[in-house]
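Note that this is a predicted model, so its numbers are computed, not measured. Along the sequence shown, residues are numbered consecutively beginning with 1. Numbering of ligands and ligand atoms starts at 1, following listing order.
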Amino acid sequence: MQRFDVIVVGAGPAGASAAYAATRAGLRVALIDRKSFPREKLCGGLITGRARRHYAEIFGHAMPFEPQDCKTTVDFWFRGRPMGLIKDAPALYTTMRWDMDAMLCGQALGAGAQDFTGQAVAEIDHDARTVMLKGGAVLDYGVLIGADGVHSQVARALFGQPFDRQRIGFGLEIEARGAPSDPAAPIRIDLAAAQWGYGWVFPKRCSTTVGVGGLLSENPDMKRAMADYCAVLGLASEEASVKGQFLPFGDFRPIPGQGAVLLVGDAAGLVDPITGEGIGYAMQSGQLAAKAAIAALGAGRPQTALSHYRRALRPVHRALHMARLIRPVIFLPALEPGFARAFQRSSTLRHDYLRLMAGEVEYGQILARLVLRLPRLGIMALRARF
Ligand SMILES: Cc1cc2nc3c(=O)[nH]c(=O)nc-3n(C[C@H](O)[C@H](O)[C@H](O)COP(=O)(O)OP(=O)(O)OC[C@H]3O[C@@H](n4cnc5c(N)ncnc54)[C@H](O)[C@@H]3O)c2cc1C
């Protein structure tokens, strides 16, 4: 039996951040991932100001990018109609998760976390506080951090199921590698390319990532939405190359763990229900969970880790809750045309949306402005219907 202060299951942005922060605080940390890095992860790879801020705070330096990765032009569309090209948008950055996650995991291992990547978890025993790996090794923990993504085995061991199918989102993507892609081209967002969601085109240095995503319950035929979107873009959607994945999309767990077991990132449902951003919240929650583990272990009471973590996570939960309140104004089919018109006419609304996407403004600030607009949105929606 090997003993660790903290075991982190999952070495994506949430797990790597947690393992790095806990290791740097002097704790003995095991970092487990069933995959060896680099590994594929289906994702748009768009990095917001929020993600960059958390990265710099955790790892102590600015996130590395090439100049071509920086995007300040965004092209909005609604049902095949252009809604405006914005040239002075707050900076968004493009990445490939293959590279970014290997870099994050490498930093956690470089800081001294013990490397258990390429090894799957066979069994978690919360009473004995042990994790058994498929190879037979048994690891003992003080605090366990479940950073194992949307299908979280740690969440399943605690709650029986990792997510609620009625509330989860789903995304489909293709990587148009080798296609004549112009990395200087704008980011494209198509509101309504999926129900309660949107479509995206992220031009990158080596590829263009194209996808649609939205609430699963509202999109019974997401493949059709993807094929239609590819047709709008003039792309051949070869079914074989389309990949899909669940996305918690705001279905966060109000109680993200139990005693000495903490859930972070997608495992805790920490994804923005409007923009689908999850990387920034994954890093932030990973760091907060590490801090909670440090406090609980420092007091000799690992079982209090969850209460430390819940307190620290409150502002994130509040933001996601507000975003869920705002979401119908944007996505409810009856209000959608009204929102689209207001969006086209109002540069304030477009900039608010972009500042939200870039993680430069919080939902609380937006909510007040939207509530003031609601009567006008309602009238526009009625006009659009009749
Ligand atoms: C189609 C799509 C597009 C997206 N686009 C964006 C975007 O552009 N920008 C953005 O910010 N967010 C985006 N997201 C959301 C983002 O991908 C996630 O929120 C983010 O990856 C969460 O990070 P994580 O570390 O919690 O989980 P993950 O990145 O999923 O990492 C989990 C890790 O756990 C490992 N693991 C899983 N199970 C086990 C196990 N049993 N044992 C050991 N290891 C295990 C996995 O191998 C993986 O490495 C998108 C999501 C989807 C589906």
Tyr353-Phe76 aromatic ring centre distance below 6.0 Å
yes
Using a 3.5 Å cut-off on N/O to N/O, what pairs does ligand 1 make with the protein? A line per pair would be great.
residue, atom, partner, partner atom, Å
ligand 1, 5 (N), Gly44, N, 2.9
ligand 1, 8 (O), Gly45, N, 3.2
ligand 1, 8 (O), Leu46, N, 2.9
ligand 1, 9 (N), Leu46, O, 3.0
ligand 1, 11 (O), Gly278, N, 3.1
ligand 1, 11 (O), Ile279, N, 3.0
ligand 1, 12 (N), Gly278, N, 3.0
ligand 1, 17 (O), Lys41, NZ, 3.3
ligand 1, 17 (O), Arg97, NH1, 3.2
ligand 1, 19 (O), Asp266, OD1, 2.6
ligand 1, 21 (O), Arg97, NH1, 2.9
ligand 1, 21 (O), Arg97, NH2, 3.0
ligand 1, 25 (O), Pro13, N, 3.3
ligand 1, 25 (O), Ala14, N, 3.0
ligand 1, 26 (O), Asp266, N, 2.9
ligand 1, 29 (O), Arg97, NH2, 2.8
ligand 1, 41 (N), Gln153, OE1, 2.6
ligand 1, 44 (N), Arg34, N, 3.1
ligand 1, 47 (O), Asp33, OD1, 2.7
ligand 1, 49 (O), Asp33, OD1, 3.4
ligand 1, 49 (O), Asp33, OD2, 2.6
ligand 1, 49 (O), Arg39, NE, 2.9
ligand 1, 49 (O), Arg39, NH2, 3.0

Co-members of the apolar cluster containing Tyr141 [side chain, <4.5 Å]:
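Tyr141 shares its hydrophobic cluster with Phe4, Ile7, Val9, Ile32, Phe116, Val121, Ile124, Val131, Leu133, Leu139, Leu144, Val154, Leu158, Phe159, Val261, Leu263.
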Taking 4.0 angstrom as the limit, do Asp75 and Arg188 come out as a salt bridge?
no
Arg324, CZ: over 12 other non-hydrogen atoms inside 6.0 angstrom
yes
Partner residues of Ser307 under the side chain to side chain contact (heavy atoms under 4.5 Å, CB included) criterion, sequence neighbours left out:
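By the side chain to side chain contact (heavy atoms under 4.5 Å, CB included) rule, Ser307 matches Thr304.
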How would you list, by chain and number, every residue that makes a side chain to side chain contact (heavy atoms under 4.5 Å, CB included) with Ala19, sequence neighbours excluded?
Val8, Val29, Leu31, Ala108, Ala113
